[in-house]
Amino acid sequence: MKRIIILMCFVCFFVKLNAQGFCLTPTRTNIENRNLLTKHVRSVTGSYYFLKIYFHVIRNSNGTGGVSYPSIQTAVNMLNNDFSDSRIVFVWNGIVDYIDNNNYYDNNPSEDIYNVNNHSDGIDIYLFRSDYSSPHGLANGIGDGTEFYLIGSYNTSHLCTTHVISHEMGHVLNLFHTHHGTFDTNGENGNDPYHCKELVNGSNSDTCGDYIEDTPADPNLSGKVNNYCMYTGTDTDALGQPYSPDVHLIMSYTTPSCMSYFSDLQSERMRTAIQYLPSINSCLVNLTLSGSVVLCNSNSYFITNLPIGATVSWSLVGGNTSCVSLQSDSPSANQCTLTLNNASGFNTVTLQADVIMNGVTVKSLQKVISKPLPFSGTYEETSILYNSSFTPSIPLTAIPGSREMDVYVGGLVKVKSDYFSGKSISISGPYTNYYRSGSLVRFTLSSWSGAPVVITVQAEGCDDEVRLKFFPAVMLDDYSLNISPDGNSTYALSLIRKTEDGVLPETSSAADDCAAPRLFSKPWTLEVTNALTGRKAFSKEVAEPSFLLHTDGWEAGVYVVRALVGDESLAGKITVK
């Protein structure tokens with residue numbers, strides 16, 4: 001909940017039906033915020049700021065009364081039109097929060113309403129009834145709170161459909177009235193210790209008045225602007241110079257129909273507040289281009305947080321644009337469809353979305369979309385690709401002598417795995433099932449039985465699954481070196497796989513095609529060394545799982561027998577008599 005200062009110090013704007021106004025404005029601003037902003041250089045240039053707004057409509061307890069939905073839509077358009085030159089855009093989600101409470105509806109409004117359904121990530125706008133005798137608006141401070149309310153009508157239209165809504169939003173974004181400091185009646189500036197009267201010649205305009213140099217000194221325009229938007233006052237400043245105020249500035253007390261714009265430096269001040277004041281900065285939202293980064297057949301794309309009144313221009317700006325067709329539902333639709341029409345020639349394409357408001361591009365977004373090549377790495381020699389139509393450049397890496405694989409994901413993909421033996425696979429990395437482009441994912445083969453492993457991959461946006469079968473690299477410590485006498489001076493040597501409890505199996509036959517073979521089936525090296533002298537008695541590369549070692553003529557003694565595979569070895573001994 002935003003901080004509510006329970007003081008009778010409002011930022012208000014009262015508008016009578018005769019289009020003349022007055023204001024009792026005990027101005028409140030946060031001194032810490034003021035000091036913070038003085039440390040930063042203001043700039044009106046740069047990208048657009050997108051601010052989230054929420055609407056609350058106060059109605060009777062039975063749900064009757066209250067501002068209409070079309071009026072709120074008009075209010076959003078009014079805000080975005082008035083702030084377009086300031087490069088500020090307001091984003092509404094189209095949802096109205098209805099506060100059905102007779103106590104709020106029937107009685108005079110107060111700042112207590114800001115405690116109801118308030119948000120910390122957006123600007124809250126509370127709309128009271130239209131038929132109120134003293135129509136006005138009230139903001140919760142100057143750059144201090146992020147909420148305001150409006151009540152009553154001007155020329156039969158609720159104030160939210162007039163420039164008064166932009167006037168109150170200006171207060172939220174740290175703007176004072178243009179007559180601030182200069183007009184000092186009825187406690188107008190009683191809560192601003194820095195206020196002083198601005199001179200017509202502008203010599204003190206940066207330290208007095210509204211502190212903005214390009215807004216002329218203003219004596220308070222309430223009742224001093226006619227129906228032709230002409231100033232009719234005769235006031236003079238401290239030097240006797242007659243005022244010549246700008247009757248079209250939204251932050252003045254001109255009539256709502258004459259309000260038209262913010263000055264350049266008012267825009268600077270608001271943009272600086274958005275960037276540096278935490279309460280306002282927290283209301284910023286991002287526009288994003290959503291949709292799959294992998295194109296298999298046909299995918300849809302859209303903009304999240306698209307402002308009301310904005311249109312989107314879709315285009316293909318890079319890559320294999322001739323291989324893809326783009327279809328927008330209509331010129332103003334927030335959606336387009338990409339269809340792959342030449343899979344063999346397609347590699348990547350760049351989709352661009354230009355968000356346009358009032359004929360101006362306020363945001364350009366791009367997304368690089370590629371064909372589904374989810375893996376990079378290298379196959380092991382015994383890998384088998386089940387789906388021959390899927391040809392990733394280098395799909396998979398199995399690390400020799402390890403129970404782990406490193407997989408580099410080249411798109412957003414879903415990965416799942418199944419052991420033929422029913423064992424599971426554990427996955428380390430930032431995601432559980434989905435992996436984004438460029439991520440290194442390590443698969444750990446837990447409780448590995450040595451059976452072939454199947455990895456199933458499905459690229460986002462693609463219906464077809466790709467099944468990759470591979471045989472993980474054999475680790476020698478899963479085997480034992482079995483040495484059995486086979487007649488005089490002959491020994492049968494073989495590498496036999498252990499069971500999961502470490503016990504050698506009694507039989508040498510595999511249970512079925514999916515079970516691990518009992519005997520080691522890859523080439524291995526046999527070395528025999530005299531244990532006493534250290535002299536090598538025999539060495540041979542063995543291609544078969546078993547080997548018969550003949551010791552006829554050997555010197556009597558104990559010999560160490562080693563089976564070598566890479567850097568791994570298993571050892572046993574024999575005794576020659």
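In this text, all values refer to a predicted model and were calculated from it rather than measured experimentally.
Aromatic ring pairs are classed by plane angle as parallel below 30°, tilted from 30° to 60° and perpendicular above 60°; the pair His171 and His177 is perpendicular. The aromatic rings of His179 and Phe183 sit perpendicular, their planes meeting at an angle over 60°, well past the 30° parallel limit. Between Phe83 and Phe90, the two ring planes are perpendicular [angle over 60°; tilted spans 30° to 60°]. Between Tyr114 and Tyr149, the two ring planes are tilted [angle within 30° to 60°]. Ring orientation note: the planes of Tyr126 and His56 are close to parallel, at an angle under 30° on the 30°/60° scale.
Looking at Lys224 and Asp235, their side chains come closer than 4.5 Å, going by heavy atoms from C-beta outward. Counting only heavy atoms from C-beta outward, the side chains of Met78 and His163 approach each other to under 4.5 Å. A 4.5 Å side-chain heavy-atom check between Asn299 and Val293 finds every atom pair outside the cut-off. Taking 4.5 Å as the limit, some side-chain heavy atom of Thr337 sits within range of a side-chain heavy atom of Thr339. At a threshold of 4.5 Å between non-hydrogen side-chain atoms, the residues Tyr98 and Ile58 do not count as touching. Between Arg269 and Phe176, some side-chain heavy-atom pair lies under the 4.5 Å cut-off. The shortest side-chain heavy-atom distance between Ser153 and Ser130 falls under the 4.5 Å cut-off. At least one side-chain heavy atom of Asn108 sits less than 4.5 Å from a side-chain heavy atom of Tyr132.
In this structure, Cys258 and Asn226 approach most closely via the heavy-atom pair SG-O, 4.4 Å. What you find for Thr304 and Ser290 is that their closest heavy atoms are CG2-OG, 3.1 Å.
Proximity of a side-chain donor or acceptor of Asn107 to a complementary backbone N or O of Asn103 within less than 3.5 Å is detected. Although no hydrogens or angles enter the test, the distance criterion places no donor-acceptor pair under 3.5 Å between the side chain of Asp97 and the main chain of Tyr54.
Taking the ring axis of Tyr105 as reference, the NZ or CZ atom of Arg129 stays within 45° of it and closer than 6.0 Å to the ring centre.
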Exercise. Taking it one step at a time, do Ile113 and Phe128 satisfy side chain to side chain contact (heavy atoms under 4.5 Å, CB included)?
Worked result: CA-CA 10 Å; Ile113 194 65; Phe128 286 87; 3.8 Å; yes

For this session: Walk me through it: do Asn140 and Glu111 pass the test side chain to side chain donor-acceptor pair (under 3.5 Å)?
Result: CA-CA 7 Å; Asn140 189 24; Glu111 76 279 4; over 6 Å; no

For this session: List the steps, then state whether side chain to side chain donor-acceptor pair (under 3.5 Å) holds for Asp354 with Ser364.
Result: CA-CA 4 Å; Asp354 294 319; Ser364 291; 2.6 Å; yes

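Thr178 pairs in a side-chain hydrogen bond (donor to acceptor under 3.5 Å, both in side chains) with only one of the listed residues (Asp218, Thr215, Asp246, Thr254), which is Asp218.
Between Tyr69 and Trp92, the distance from one ring center to the other falls under 6.0 angstrom.
When only modelled atom types and interatomic distance are considered, Asp214 and Ser263 share a side-chain donor-acceptor pair under 3.5 Å.
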